[in-house]
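Structure, as structure tokens:
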2 protein chains.
Amino acid sequence: MRVSIKDIARTAGVSHSTVSRALNDSSLISDATKDRIKCLADEMGYSPNTLARSLVTRYTNTVGVVVTTITDPFMSEVVQGIQTTADEYDYTVILCSSEETPEREMAAVEMLRSKRVDGVICIASRIGAVYLEHQERIDAPVVIINNHNERMGRYPHTISVDNHHGGYLAARHLVQQGDRRIAYVSGPVAVNHSSSRDRLGGYRQALMEAGIEPEPALVVEGNGCPDGGERAFRHLAALDELPTAVFCYNDMTAMGLMHAAGRTGLSVPEDLAVVGYDDIPLASYLSPPLTTVSQPKAEMGQEAMRMTLSLMSEEGVSEEMSGTSEALVQCRLVTRASTVGRQDKSPRAVGG
Amino acid sequence: MRVSIKDIARTAGVSHSTVSRALNDSSLISDATKDRIKCLADEMGYSPNTLARSLVTRYTNTVGVVVTTITDPFMSEVVQGIQTTADEYDYTVILCSSEETPEREMAAVEMLRSKRVDGVICIASRIGAVYLEHQERIDAPVVIINNHNERMGRYPHTISVDNHHGGYLAARHLVQQGDRRIAYVSGPVAVNHSSSRDRLGGYRQALMEAGIEPEPALVVEGNGCPDGGERAFRHLAALDELPTAVFCYNDMTAMGLMHAAGRTGLSVPEDLAVVGYDDIPLASYLSPPLTTVSQPKAEMGQEAMRMTLSLMSEEGVSEEMSGTSEALVQCRLVTRASTVGRQDKSPRAVGG
DNA sequence: CTGTTAGCGCATTCAG
DNA sequence: CTGAATGCGCTAACAG
């Protein structure tokens with residue numbers, strides 16, 4: 001146990017650098033001794049100490065991933081994608097949860113810096129500015145997935161979906177189904193949260209194109225979670241005239257909204273069509289199955305990891321000369337039962 | 001950038017060991033110079049190199065967590081729990097996905113060993129034996145959450161739920177609702193998967209206590225995923241007489257089953273009562289909301305981390321003299337609409 | 001091809 | 001209280 005190259009050097013009767021060379025498949029060594037040392041190594045149960053190695057090579061083959069909560073289905077799918085290509089390239093993932101608090105997010109970055117990660121990926125950062133501040137300190141590239149911060153202009157390395165287009169797709173679909181009173185339930189409206197606003201923009205555009213004047217009263221606030229969807233439904237139900245369709249910031253919101261709708265006796269989609277966003281794995285198992293705008297979550301993770309990898313290799317040579325690398329991925333509409341197969345799309349009052 | 005204690009020692013006009021002492025709040029240093037050095041340190045943007053530190057202290061403040069997929073809601077909740085107490089104690093989590101394959105699981109463990117993690121937590125290992133083999137090699141404690149391996153007897157450090165009792169609770173609840181034809185949809189029946197069998201055992205006991213003879217035909221195979229639930233439903237639907245209730249291995253299975261049931265025109269719970277297991281966050285938002293056996297997922301994660309911490313500190317002194325430390329946590333039944341409020345519990349044929 | 005020598009950045013003796 | 005010296009395990013010149 002705890003055998004080092006020095007130990008195996010001793011029992012092999014060679015110098016420790018020879019062992020190092022053997023283990024690293026150096027060209028400066030004879031096949032004979034290389035083989036001999038290699039099998040001696042695993043006879044002795046040798047495990048290379050990556051700490052020591054990293055200390056000298058100055059890279060750790062490690063990336064830090066910062067999420068708000070791993071519990072969010074969207075997050076975990078993205079992380080999954082990151083993982084996949086990470087260990088394809090022999091990289092290790094250190095996971096941090098910020099719980100949405102800036103302090104914890106900062107602490108996480110600081111800790112990743114201390115661990116000398118080669119790169120950082122952070123998902124849906126609400127406070128991307130923090131990263132900018134730290135980016136000069138942490139001399140590793142940081143790429144942001146679904147940057148929610150708009151204040152600072154565009155962050156150099158991001159991968160994001162076209163939220164405007166996604167919102168457009170959702171609303172246009174409803175319009176095509178014959179809906180004209182279409183509501184939008186937003187995501188978190190906290191500072192620096194552009195994704196919801198972008199989706200709203202696409203929604204508005206689709207309505208306008210169809211000659212429908214967007215009605216401010218039909219835009220209500222959610223929080224990206226089921227309970228927000230429930231509350232939003234109550235707001236809508238309090239209106240004189242209920243919308244015939246609702247576009248929700250995300251699937252979780254849609255779930256909450258459908259749940260609330262069901263309790264008041266409305267049925268989806270007959271009384272109310274619902275479309276979500278994300279296409280979480282469970283979306284197709286809801287009843288009714290949820291029409292939603294699908295984000296390529298795993299692909300986004302993979303792309304982010306790939307971008308990180310390439311930034312890391314650049315960093316070695318061109319010293320931060322890499323310009324901005326933005327990837328914009330496309331989302332697509334997945335049509336399910338929550339919006340189709342209706343007869344009557346005329347507005348109706350609650351319980352009417 | 002990339003400033004070391006040596007750098008700050010130079011500009012402070014002291015030796016690097018003095019700096020080290022100051023930064024570590026050693027008692028062997030005057031408050032004056034300590035303060036001076038400390039603020040100089042962060043003026044210079046110093047970040048301690050944990051690699052170097054770990055190399056000498058021989059611990060990394062890092063634990064490895066091995067999951068099958070982070071995508072599984074159960075897993076992510078547990079990981080969340082681990083994270084919580086991990087960074088409460090200033091520990092860092094390295095996440096690995098085994099994708100259920102033994103090779104990747106072994107690779108993960110080997111890699112964690114190389115990174116010199118202080119401990120390993122693995123969730124729902126199907127191949128715990130692998131760990132046993134490696135446990136002597138990886139000189140860090142490994143604790144297993146929901147060990148699925150039974151072949152090797154009881155693993156020294158585990159935290160698990162009382163699956164038998166959970167199954168009992170579920171089935172007894174149905175019996176109390178008046179059901180007498182109660183099916184069970186199992187989890188993965190692959191090698192070394194005891195949790196499903198234990199739940200089945202509890203289910204059987206509940207039936208027997210109620211004077212119901214368990215019917216083998218009512219026990220069908222699932223896989224822990226929605227599609228398995230769908231297939232299971234089809235098997236049940238092919239029976240002469242449909243059960244009036246189904247207990248599913250987990251919530252995902254239940255979702256699939258309810259989905260399939262809905263498509264054939266059956267309604268839950270009127271035609272078929274359904275109970276799941278896990279109480280994933282979305283369970284209460286299904287329609288109908290799912291009755292389920294709740295596992296304290298976050299608590300299990302926290303407990304696992306706590307156990308790991310204590311094992312790690314023991315290891316320093318008593319050298320693996322720590323006996324077995326098993327924690328058995330309790331689950332509880334959460335009653336929702338998928339099992340209650342029915343009138344007629346007599347058996348009926350499909351479409352009848 | 002192989003051995004010797006130097007550090008990587010830090011904690012930790014041991015002298016002062 | 002502080003400085004000088006040593007080594008954690010490893011890679012990377014530099015000589016042979």
Side-chain angles (χ1 to χ4, degrees), chain A residues 1-38 40-41 44-62 111 113-118 138-140 316, chain B residues 1-38 40-41 44-62 111 113-118 138-140 316:
Chain A
M1 179 97 297
R2 183 138 294 174
V3 21
S4 71
I5 57 172
K6 213 184 281 182
D7 298 318
I8 115 158
R10 196 177 312 121
T11 89
V14 297
S15 78
H16 69 274
S17 18
T18 302
V19 176
S20 174
R21 282 190 272 259
L23 265 25
N24 291 318
D25 287 312
S26 162
S27 56
L28 308 169
I29 198 173
S30 72
D31 289 347
T33 57
K34 182 196 289 190
D35 291 349
R36 187 165 63 92
I37 289 179
K38 271 193 172 179
L40 184 57
M44 297 177 66
Y46 172 73
S47 165
N49 186 329
T50 58
L51 302 173
R53 169 206 292 261
S54 294
L55 194 54
V56 30
T57 62
R58 325 196 64 89
Y59 59 80
T60 53
N61 264 244
T62 296
M111 167 264 166
R113 187 157 95 103
S114 242
K115 287 238 184 282
R116 297 297 187 265
V117 296
D118 299 331
I138 193 173
D139 85 13
Chain B
M1 180 97 302
R2 185 139 292 176
V3 23
S4 73
I5 57 171
K6 212 184 283 183
D7 299 318
I8 114 155
R10 197 176 312 119
T11 89
V14 297
S15 76
H16 69 273
S17 17
T18 301
V19 176
S20 173
R21 281 191 272 260
L23 266 24
N24 291 317
D25 286 315
S26 163
S27 56
L28 306 170
I29 197 172
S30 71
D31 290 347
T33 58
K34 180 195 291 190
D35 291 350
R36 186 166 63 92
I37 290 179
K38 273 195 170 177
L40 183 57
M44 298 177 67
Y46 172 74
S47 165
N49 186 328
T50 58
L51 302 173
R53 171 206 291 260
S54 295
L55 194 55
V56 29
T57 61
R58 326 197 62 90
Y59 58 79
T60 53
N61 264 245
T62 296
M111 165 268 177
R113 187 157 95 103
S114 244
K115 287 239 186 279
R116 297 296 188 264
V117 295
D118 299 330
I138 192 174
D139 86 11

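Below, chain A is the first sequence line, B the second, and so on; all start at residue 1.
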- Note on the structure: Ordered by number, residues from residues 30-37 of chain B within less than 4.0 Å of DNA chain D (heavy atoms) are B:Ser30, B:Thr33
- Sequence neighbours excluded, which residues qualify as side chain to side chain contact (heavy atoms under 4.5 Å, CB included) partners of A:Arg53? A:Asn24, A:Thr57
- Item | B:Asn49, B:Thr62, B:Leu51 screened by side chain to side chain contact (heavy atoms under 4.5 Å, CB included) with A:Lys115, the one that passes | B:Thr62
- Item | Spacing between B:Asn49 atom CG and D:dG9 atom P, to the nearest angstrom | 16 Å
- Query: Between B:Ser47 and A:Arg116, do the side chains contain an N or O donor and an N or O acceptor separated by less than 3.5 Å?
  - Reply: yes
- Phosphate OP1/OP2 of D:dG3: any B:Ser15 side-chain N/O under 4.0 Å: yes
- Item | Span of DNA chain C in contact with chain A (heavy atoms, under 4.0 Å) | C:dC1 to C:dG9
- Query: Closest nucleotide of DNA chain D for B:Val14 versus for A:Pro48: which of these residues is on the 5' side?
  - Reply: B:Val14
- Message: Between C1' on D:dG7 and CG on A:Asp7, what's the gap in Å once rounded to a whole number?
- Response: 14 Å
- Message: Tell me which residues in residues 53-61 of chain B lie within less than 4.0 Å of DNA chain D, going by non-hydrogen atoms.
- Response: B:Leu55, B:Val56, B:Arg58
- For B:Arg36, check side chain to side chain contact (heavy atoms under 4.5 Å, CB included) against everything at least two apart and list the hits. B:Ala12, B:Val14, B:Thr33
- Note on the structure: Within residues 18-29 of chain B, the residues having a heavy atom closer than 4.0 Å to DNA chain C are B:Ser20, B:Arg21, B:Asn24
- Note on the structure: note: A:His16, atom NE2; D:dA13, atom P; distance rounded to Å ~ 14 Å
